[in-house]
Q: 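The following block contains the structure, expressed as structure tokens.
Note that the coordinates shown come from a computational prediction; the quantities given were computed from them, not determined experimentally. Order of the sequence lines sets the chain letters (A, B, ...), proteins ahead of strands, with each chain counted from 1.
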There are 2 protein chains.
Amino acid sequence: MTTAKVELFDDDLQHTASYFKALGHPARLAILKYLAESKSCISGDITNELPLSRTTVNQHLSELKNLGLIKGTTQGAKVNYCLNTEKVMALKQLLGDFLGAITLPDNFSCNK
Amino acid sequence: MTTAKVELFDDDLQHTASYFKALGHPARLAILKYLAESKSCISGDITNELPLSRTTVNQHLSELKNLGLIKGTTQGAKVNYCLNTEKVMALKQLLGDFLGAITLPDNFSCNK
DNA sequence: TAATAATGTCGTAAAAATACGTCATAAAAG
DNA sequence: CTTTTATGACGTATTTTTACGACATTATTA
């Protein structure tokens, strides 16, 4: 019985981990990077930029969309995806705060 | 044939993603946080702090150790784990750089 | 209107991550 | 020396993630 134990942790840690996890796949990093570089929230032809099938890319897009990091605006038969600036800023804050908390003072030594 | 396509991406993206991924589980975040708070690199009794079996905690520790984020120093029968300050700083730099790259100018609007 | 394009959804196969129990080993305690 | 203690390594069950093909649907195009 290998049940998922993730929900036994602090909500705070779960929440933070979920965002780190979202950035834990090169395809999703590539999507975010692409959307940031091609400032004109280009449509789903992001597929052509990635070595993956359209279906798989769509799946990664959905993951990012579910977390709110990107949003898609339908224009006719096409869909324009773009970064959700507010959420991206919140993401930076969240991850930055965590990273900022795991530092040690310079005078600290492990093997003393 | 669902082969892993991760290696088809830029080394750069793969590398960055691997670090985000390492932080993508609450247990690993809890371990890092614990090591940072209890400044005295306490031994593997981190297990008592987590709702997981010792074996599983050990597995998470190994993951962090393999990435170099923490290091374990054997002292007799016990092992002192602690943050690898240099690597943690490098981690912050790496993730920070990526996050810094995915911003958009304020005057940018998706649905224009 | 018929054919083509662009997407999202569903089902599913394969791979990876999680989670433990059990063993083996080395050191500390008794 | 024998018994705990503290760990790491192995094997494996379950869950999750990753990756696609096949369809269905809605707009363009011809």
Q: Measure from the side chain of B/Lys65, starting at C-beta and using heavy atoms only, and say which of D/dG8, C/dA19, D/dC20 lies closest.
A: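 Closest nucleotide to the B/Lys65 side chain: D/dG8.
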
Q: Output the single nucleotide from C/dG21, C/dA27, C/dT7 whose closest atom is nearest the side chain of A/Val79.
A: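 The answer is C/dT7, which lies nearest to the side chain.
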
Q: Atom CG of A/Asp45 and atom P of C/dT7: how far apart are they, to the nearest Å?
A: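 Taking CG of A/Asp45 and P of C/dT7, I get 7 Å after rounding.
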
Q: Do the rings of B/Phe98 and B/Phe20 sit parallel, tilted or perpendicular, given the 30° and 60° boundaries?
A: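 It falls in the perpendicular class, over 60°.
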
Q: Tell whether B/Gln59 reaches the base of C/dA17 with its side chain through a donor-acceptor pair below 3.5 angstrom.
A: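 Result: no qualifying N/O pair found.
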
Q: For C/dA17, take OP1 and OP2 only and decide whether either is under 4.0 Å from a side-chain N or O of B/Lys21.
A: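 For B/Lys21, the contact criterion (side-chain N or O under 4.0 Å from OP1 or OP2 of C/dA17) is met.
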
Q: Looking only at the side chain of A/Arg54 (C-beta and beyond, no hydrogens), which of the listed nucleotides C/dG8, D/dC20, C/dC20 gets closest?
A: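 For the A/Arg54 side chain, the nearest candidate turns out to be C/dG8.
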
Q: Between P on D/dA6 and CG on B/Leu61, what's the gap in Å once rounded to a whole number?
A: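 To the nearest whole Å, that distance equals 15 Å.
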
Q: Of all the nucleotides listed (C/dA19, D/dT18, D/dG8), which has the minimum atom distance to the side chain of A/Glu63?
A: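 Closest of the options to the side chain of A/Glu63: D/dT18.
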
Q: Starting at atom CG of B/Leu52, determine the distance to atom P of D/dT7, rounded to an integer number of angstrom.
A: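 B/Leu52 atom CG is separated from D/dT7 atom P by 16 Å.
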
Q: Tell me whether A/Val6 is reachable from B/Ile31 by hopping between hydrophobic residues (I, L, V, M, F, W, Y) whose side-chain heavy atoms are closer than 4.5 Å.
A: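 No, no single cluster joins them.
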
Q: Choosing from D/dT18, C/dC10, C/dT18, which nucleotide comes nearest the side chain of A/Thr55?
A: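 Given the options D/dT18, C/dC10, C/dT18, the side chain of A/Thr55 is closest to C/dC10.
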
Q: Which sits closer to the 5' end of DNA chain C, B/His60 or A/Tyr81, going by the nucleotide each is nearest to?
A: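 Whichever sits nearer the 5' end wins; that is A/Tyr81.
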
Q: Rounded to the nearest Å, what distance is computed from the NE2 atom of residue A/His25 to the P atom of nucleotide D/dT18?
A: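 A/His25 atom NE2 is separated from D/dT18 atom P by 5 Å.
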
Q: Let me know the distance between CZ of A/Phe9 and P of C/dA19, rounded to the nearest Å.
A: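 To the nearest whole Å, that distance equals 7 Å.
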
Q: Nearest whole Å is fine: how far is C/dA17 P from B/Leu67 CG?
A: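 Distance check: B/Leu67 CG to C/dA17 P gives 11 Å.
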
Q: Choosing from C/dA19, D/dA19, D/dT18, which nucleotide comes nearest the side chain of A/Arg28?
A: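 Among C/dA19, D/dA19, D/dT18, the one nearest the side chain of A/Arg28 is D/dT18.
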
Q: Tell me the interatomic distance from B/Leu64, atom CG, to D/dG8, atom P, rounded to whole angstroms.
A: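 The answer, rounded to whole Å, is 13 Å.
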
Q: Decide yes or no on side-chain contact (heavy atoms from CB on, under 4.5 Å) for A/Tyr34 and A/Leu50, but give the supporting numbers first.
A: CA-CA 10 Å; A/Tyr34 181 75; A/Leu50 303 179; over 6 Å; no

Q: For a quick test of reading the model: is some side-chain N or O of A/Ser53 closer than 4.0 Å to OP1 or OP2 of D/dC20?
A: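 So the side-chain polar atoms of A/Ser53 do come within 4.0 Å of the phosphate oxygens OP1 or OP2 of D/dC20, strictly under.
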
Q: Output the rounded distance in Å from CG (A/Asn58) to P (C/dT7).
A: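 In whole Å, C/dT7 P lies 9 Å from A/Asn58 CG.
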
Q: With side-chain contact (heavy atoms from CB on, under 4.5 Å) as the test, pick out the partner of B/Leu69 among B/Leu91, B/Leu35, B/Asn84.
A: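 Only one of B/Leu91, B/Leu35, B/Asn84 forms a side-chain contact (heavy atoms from CB on, under 4.5 Å) with B/Leu69, namely B/Leu91.
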
Q: Nearest heavy atom decides the nucleotide; on that basis, is A/Lys78 or A/Gly24 closer to the 5' end of DNA chain D?
A: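 First, find each residue's nearest nucleotide; the 5'-ward one identifies A/Gly24.
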
Q: Should the heavy atoms of other residues, nucleotides or ligands under 6.0 Å from NZ of A/Lys78 be counted, would the total exceed 12?
A: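 Check fails, neighbour count at 12 or below.
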
